[in-house]
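Remarks on the structure that follows.
The structure displayed is predicted, hence computed values, not measured ones.
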Amino acid sequence: MPFSKLRRFSLFAPIPAPVRLALPKQKLKEDIEAGQIDIIVIYKIDRLTRSLCDFSELQEFLDQHDVSFVSVTQEINTSTSAGRMMLNILMTFAQYEREIIAERVRDKVAAAKKRGKNCGGFPILGYDSDPSTKRLIINEEEAEIVLANAICCHRMALSHHPDNLILKNLNGEDISAA
């Protein structure tokens, strides 16, 4: 079975993480710009965003339009300087919490992979997932294809072939015209 029939490959730039609640935030911004809102009441501040950068951007936008917001469960009111200070402290801790959670998840997934566990999704090409133990086991047929293509790609790279040519080769496209 040709390598290109097993998987399709693409070169891509890293994609930024999706912005949570992007559409409702956009509608909110439009309403604020139209002068329909002068105060926002929210349940908890960290439900709005946990990113200090996103929050700073939003806070600057709200300040430009003389809009403040109040949290129902937290005694913070951005119409006072003390409230803005407390808000910044809370947002710093919210971002810290978000980053700590992300680190723990990454560490847990890395540890599971180190133990040979499949962490969800499709197994890596050349492996299958044992349904009973969730461990990765070598798929001999795919492993041979992976090894042959890895050697081919390595040789092409050593011969200074451009990435897009190596990619076309992996995808089974004709590279003789290139």
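For R135 (side chain) and R115 (main-chain N/O), a donor-acceptor pair under 3.5 Å exists by modelled atom type. Not one N or O on the side chain of S159 forms a donor-acceptor pair closer than 3.5 Å with the backbone of H161.
If you run side chain to side chain contact (heavy atoms under 4.5 Å, CB included) between I32 and each of D66, I37, D38, only I37 comes through. The only member of V146, I145, L147 that meets side chain to side chain contact (heavy atoms under 4.5 Å, CB included) when paired with N149 is I145.
For D31, the salt bridge (Lys or Arg N to Asp or Glu O under 4.0 Å) test picks out K27, with sequence neighbours left out.
Enclosure of atom NE2 in H154 is not indicated, since only 12 or fewer non-hydrogen atoms of other residues, nucleotides or ligands lie within 6.0 angstrom. At most 12 non-hydrogen atoms from other residues, nucleotides or ligands lie less than 6.0 angstrom from CD of E60.
A distance of 9.0 Å separates CD in Q64 from CD in E33, rounded to the nearest 0.5 Å. Rounded to the nearest 0.5 Å, atoms CG (L158) and SG (C153) are 11.0 Å apart.
For the pair I137/Y127, no side-chain contact is recorded, criterion being any heavy-atom separation below 4.5 Å from C-beta on.
Note: F93 and Y96 have perpendicular aromatic rings, judged against thresholds of 30 and 60 degrees for the angle between ring planes.
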Can you list the steps and then say if M86 with N88 is a side-chain contact (heavy atoms from CB on, under 4.5 Å)? CA-CA 5 Å; M86 285 302 296; N88 284 322; over 6 Å; no
